[in-house]
Structure formats: C-alpha cells, structure tokens
Number of protein chains: 2
Amino acid sequence: MSDSAWRQQGSLWSNLRQVCDLLAIPAPATADQEDTVFQHVRFKAGQRIHRIGQAFDTLYIVNSGFLKTVHIDEYGNEQVLSFPMKGDLLGIDGIHKQHYASEAIALSDCDMILVPYKTFTALGRVHVELEQAMFNVMSREIVREQMMISMLSALSAEAKVARFLTNLGERFNQMGYSGRSFNLRMTRQEIGSYLGLTLETVSRTLSALNELGLISVEQREINLIDPVALKTLRRLPPAKARIKVSEKVTALVNKNLLPQWNGELAAALN
Amino acid sequence: MSDSAWRQQGSLWSNLRQVCDLLAIPAPATADQEDTVFQHVRFKAGQRIHRIGQAFDTLYIVNSGFLKTVHIDEYGNEQVLSFPMKGDLLGIDGIHKQHYASEAIALSDCDMILVPYKTFTALGRVHVELEQAMFNVMSREIVREQMMISMLSALSAEAKVARFLTNLGERFNQMGYSGRSFNLRMTRQEIGSYLGLTLETVSRTLSALNELGLISVEQREINLIDPVALKTLRRLPPAKARIKVSEKVTALVNKNLLPQWNGELAAALN
DNA sequence: CGAGAGGTTGATGTATTTCAATAGCTGTGG
DNA sequence: CCACAGCTATTGAAATACATCAACCTCTCG
C-alpha cells in the first residue's frame, strides 16, 4: 500500500508526488500537489488488468503485488514477456496502435494506480521535467528489452536461469526486501516461457544450481548463496564432474569455476 | 538521398516536414518549415555511428543505407539487435542513462540525419502532435522488441529464418522496393547472431528452404517464392521426407504443409 | 480427504551446435 | 591483370543441450 495514499469514495488515491516516487523519477518542484490525483484499483490473483486488442486509454503503475504480461500467439500459446512488480509501468505497448499489444495478469493480489493516458501527456506538457522523465522511462524499457533479447539469443539454459534469479534478487533489493532470499511468485511453466525453455529444463536447472551450492531451492522458496557466481555463470560443468566436485570444497570451486569452467581445474580436483 | 534535401555549407540539410515523412508520422500543420533544419552526415560501410557508453546527445534517422545495431557482452561477443534501414530511428536507448546502450555500424554507405535530442524535445513541446508522435515511435519500438522476444523464445530455427526473410521483404516493400526479391546486406554470422542461431544453422536453413521451393538463395540474393507459407511456417518436415516430397508437386505440398507438418499427408505422398 | 495443479526426475529423441574441410568471392598489391 | 590472402558461405560428421514423454510425488484448497 502506498505510504500516504488516502481514501475517497471508497477507493484509494495518490497524488503526483507519490506516483513519481513510485516510478523513481524526480517529482516536479512546482507541483500543484492536490489538483491531480490518481485512482487505485485492486485486482485479485488471476484477474486480467488489460487484454490484447482492448482499446488503450490508461497506463497502470504497480503499487503492490506481482504480475505477468503475456503475448498470445496465433495458435493460442502464451508467451510471457515480463514479470512487473512494484514501481513498474504497464501498458506502454498500447500507445502505438491505441490498443494494448499484450495482456497483463495478476499473479498475486495487486494494487494498481490508474494513469489515464490523457492525464499522462497533459502532465508532460505542464511540467518539462516530467516529459523528460517519461522519455526516460520508455527508453529504460527499451534497454531492458534489448538486454532480454541478448540474453535469450546468447545464453545457455543454466545461464538464463541464473540471471533470472539474480535479476529478481536485484529487483527485490530495490523494493527494500531481501535480494538473497525470496519467494517466486510464478510457476516453472511461466519462468520457462519467459526464458524460452521448457518447465522441465527450468526445474532441472534449479536442481543443478542447488546441487552446486550456488542456490538453495525448495518449491518456490529461493536462496541465492553465491550471487556473484550466478551473475557471471555461462555454462555448468559436465554432469559427471559435477557430482564429485559438489562433494568437495564447493564454495571454493564455485569461485574458480567462473566465468568459464576450466578443464584443468576439474581434473585437478578429481 | 532525400527527395528535396538541400545543400548548405557542403552538406545536406532537411526540414521538419521531410523528417516527419521519413518517420511516417504526420507533420505538424502549423510547421514553421524553415527555422528548424537537420543536418545530414554520410558514413562509409563499416563506420560506427555511435559507440556503447559514448555520451548521448543526438538521435539519428536513416535516410539511406543499411546498418546493424549491436550489444557487446562482457566477453567481447557481438550480439546483433536490429538491422535499421530507411526511416528508422537510432539512439533511443541512449536517453535513459544519457549514454548509448548499443552500437550502430553501417553495413553499406549511409546517409543519416542528425536530430539533436534537445531539438527533439523542444519540438515536442512546441507541437503537441509531434510529442504524441514521439511517444508513438517509442511505443512502436517497444512492441517490435516484444515481438522479437516472442520469436526468439518460441520459434524453431526454420521459423526464425523464414520470418526474418518475410519481415525483411515487408520492410523493402514499405520502402518501395521489391519485397520478393532483394539482396541481404548482412553476413550469415550477423543473421545468426540476430536470431540466436549459429551461422551454419542459418546457412543450412536457407538451403533447406531453397530445397523446398519456398525461396531461392544464391549467396546474398534472395527470392521469396511462397511468402505466405514462409510467414506461417512453424517447423520443417523431417529431412528424409523432404527429399522425396520436394521431387513431387512441391507447390501443392507447400500449401498444405502449413501451419504445421501433417504426418498423414507425408505418408500419403510417399 | 480427495482432486487437481504444480514440481521433480528419468529415459529417450532430436534440433542445433561444434568442429572441420572445402570452395567461392572480393579486394589489394605486385 | 592475375594471384593471393582473407573473409564468407556451404556441407558433412559427430557431439550435446534441450525437448519430449512419462511416471511419480507434493502441496494446496475446496
């Protein structure tokens, strides 16, 4: 819940300053704090925030909760595009054609702030810094997607899963939670779709990272034991070597193993 | 070359109307056509337009020529992100951190229009329609990248290459060239990087599509013979079946083969 | 408590990569 | 102008990463 959002007509409202804080952009100094207010709407887990093809008119900011955004391809297959959480902006992809290009679905109960697109652009015209910030947010989104493309086309399954976990950790950190120990809000299926892998591969990879002592997993409970190693991991050592090594001084090995598994090292340890 | 760009101080210049036309956005009716002009700069094949980390201050619009944009990962590997051509806007990813997040390299001689970011935002403030158009362009870019992400994580190698070709064709069409028969401006290596495949897989896949009669390839010369089939192709029939089938009524088969290869059909034909 | 969704793990198959050998272009300098 | 060097592309054979199919287990929640 927003620290100081207030109730009015039975629903929560936030002012411009609160919205800017949430988006991590500087609020305009000249702000007329009271005359622009933003309504909150609550969604239950499983509910859709917007659908593909639906007429676009409002952006959403996540105030609390976890979501996924998905594409549905021509054969009805769901493709996960992102896992928005507190502070993220949803619906930008609707600006282009005035219809949402993706679907947003709540993974947990969510509190969303509505920002009518008209209000959004009007504010940009009034506050120069805000317009700048809006371009920034969109540019940031483009960079984020570029990173995703790089990751999808260049990394192995192990590296994808490892980075996914560290990225999640960093986002939890930014939100003020522990970045080392957290609960996944999505299924293996959804992680797999997001990373371009099958759910079985995700499950196996998590088990392997667990074996190696880089993380601990139990169902959706994750502990990042060696975040540095995870972040730079490129590929796992061959399975046979892994067994023996994992029984040795795992911590030490993990640090030497990166960024690339070293054959001589493996030999030396066996 | 821009239809009506003019020379001044030894280099070409375009006005706002020309720039808007190029970007396929409506030019502001109220435009003061003469007081904002944009300089052209020419780059030779192989030259860099901007580098990663370089201070950001200008956007580029492709007036003619072909380029690639790339990420360089922490180990120096190049990851191709896009192949910009006429009408495309470059450098948006630099807004976020005020430093370019990617590198743009000319694949052929190029004529680029410089748009200082300050000019860009200033124009948005003066012409409301322009600000709207700028958001549109950025949203379009986000949607394009989302499509790319879907494609990378869900499609087979054959489908990726097939879509790559039809997408290229569509862009050539929009530029007024033939969308059926064109020359690739990039190497197999670069296509592979873009699609998350090795250059060998790209080469083999092109050969296979050629075998099937869906395209013809000779070095960098491409002919799209059955664009509809290419666009909806999901996976190729097994290699053994392919040989026999390709010797039969290929055209007919191609049409029935989609969107998914049908086992009974293959059996019936053999 | 039972049903159903989510997760793990094994055996097997296959798409794609990797390694390697060969041949075709392109441009440069003698 | 030809020859040669160095990219670029093709193709084959072998290796492997990941997917697929399948069985079983585990939680959750009505």
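Residue numbering restarts at 1 for every chain, and letters A, B, ... go by the order of the sequence lines. The structure displayed is predicted, hence computed values, not measured ones.
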Please list, for nucleotides 21-24 of chain D, all pairs of protein and nucleotide N/O atoms separated by less than 3.5 Å.
{"unit_1": "D:dC21", "atom_1": "N4", "unit_2": "A:Glu200", "atom_2": "OE2", "d": "3.2"}

Nucleotides 7-9 of chain D: which of its N/O atoms have a protein N/O under 3.5 Å away?
{"unit_1": "D:dT8", "atom_1": "O3'", "unit_2": "B:Arg220", "atom_2": "NH2", "d": "3.4"}
{"unit_1": "D:dA9", "atom_1": "OP1", "unit_2": "B:Arg220", "atom_2": "NE", "d": "3.1"}
{"unit_1": "D:dA9", "atom_1": "OP2", "unit_2": "B:Arg188", "atom_2": "N", "d": "2.8"}

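Under 4.0 Å is where a charged nitrogen must lie from a carboxylate oxygen, and between A:Arg204 and A:Glu211 no such pair does. Using a 4.0 Å cut-off between charged side-chain N and carboxylate O, A:Lys68 and A:Glu78 make a salt bridge. B:Arg171 has a carboxylate O that lies under 4.0 Å from a charged side-chain N of B:Asp88, or vice versa, which qualifies the two as a salt bridge.
In this structure, B:Glu211 atom CD and D:dG12 atom P are separated by 10 Å, rounded to whole Å. The nearest whole Å value for the distance from the CG atom in A:Leu107 to the C1' atom in C:dG6 is 14 Å. Atom pair A:Leu152:CG and C:dT16:P shows a separation of 15 Å (rounding to whole Å applied). To the nearest angstrom, P of C:dA15 lies 15 Å from CG of B:Leu155. Per the geometry, CG belonging to A:Leu233 stands 13 Å off P belonging to D:dA17, to the nearest Å. Rounded to an integer number of Å, the gap from NZ of B:Lys160 to C1' of C:dT17 is 12 Å. Summarising the geometry, the separation between CG on B:Asn183 and P on C:dC25 is reported as 14 Å, rounded to the nearest angstrom. The distance from atom CD of A:Glu221 to atom P of C:dT8 is 13 Å, rounded to the nearest whole Å.
Residue A:Ala159 comes nearest to A:Leu233 through the heavy atom pair CB-O, 3.4 Å, listed as atom of the first residue, atom of the second, then distance. B:Asn210 and B:Ile215 get closest at one heavy-atom pair: OD1-O, 3.1 Å.
Nearest-nucleotide positions on DNA chain D place A:Thr198 closer to the 5' end than the other of A:Glu218 and A:Thr198.
Within the nucleic acid shown, B:Gly196 comes within 4.0 Å of sugar-phosphate atoms alone, with no base atom in reach, counting heavy atoms only.
Within 6.0 Å of CD in B:Glu221 there are 12 or fewer heavy atoms belonging to other residues, nucleotides or ligands. Dense packing is recorded around CD of A:Glu74, with more than 12 heavy atoms of other residues, nucleotides or ligands lying under 6.0 Å away.
With D:dC18, C:dT9, D:dT10 as the choices, the nucleotide that has an atom nearest any side-chain atom of A:Leu197 turns out to be D:dC18.
Phosphate contact (OP1/OP2 of C:dT17, side-chain N/O of B:Thr201, threshold under 4.0 Å): present.
Atom CG of B:Leu195 is separated from atom CZ of B:Arg188 by 12.0 Å, given to the nearest 0.5 angstrom.
For an aromatic pair to be called close, the ring centres must be under 6.0 Å apart, and B:Phe83 with B:Tyr194 satisfies this.
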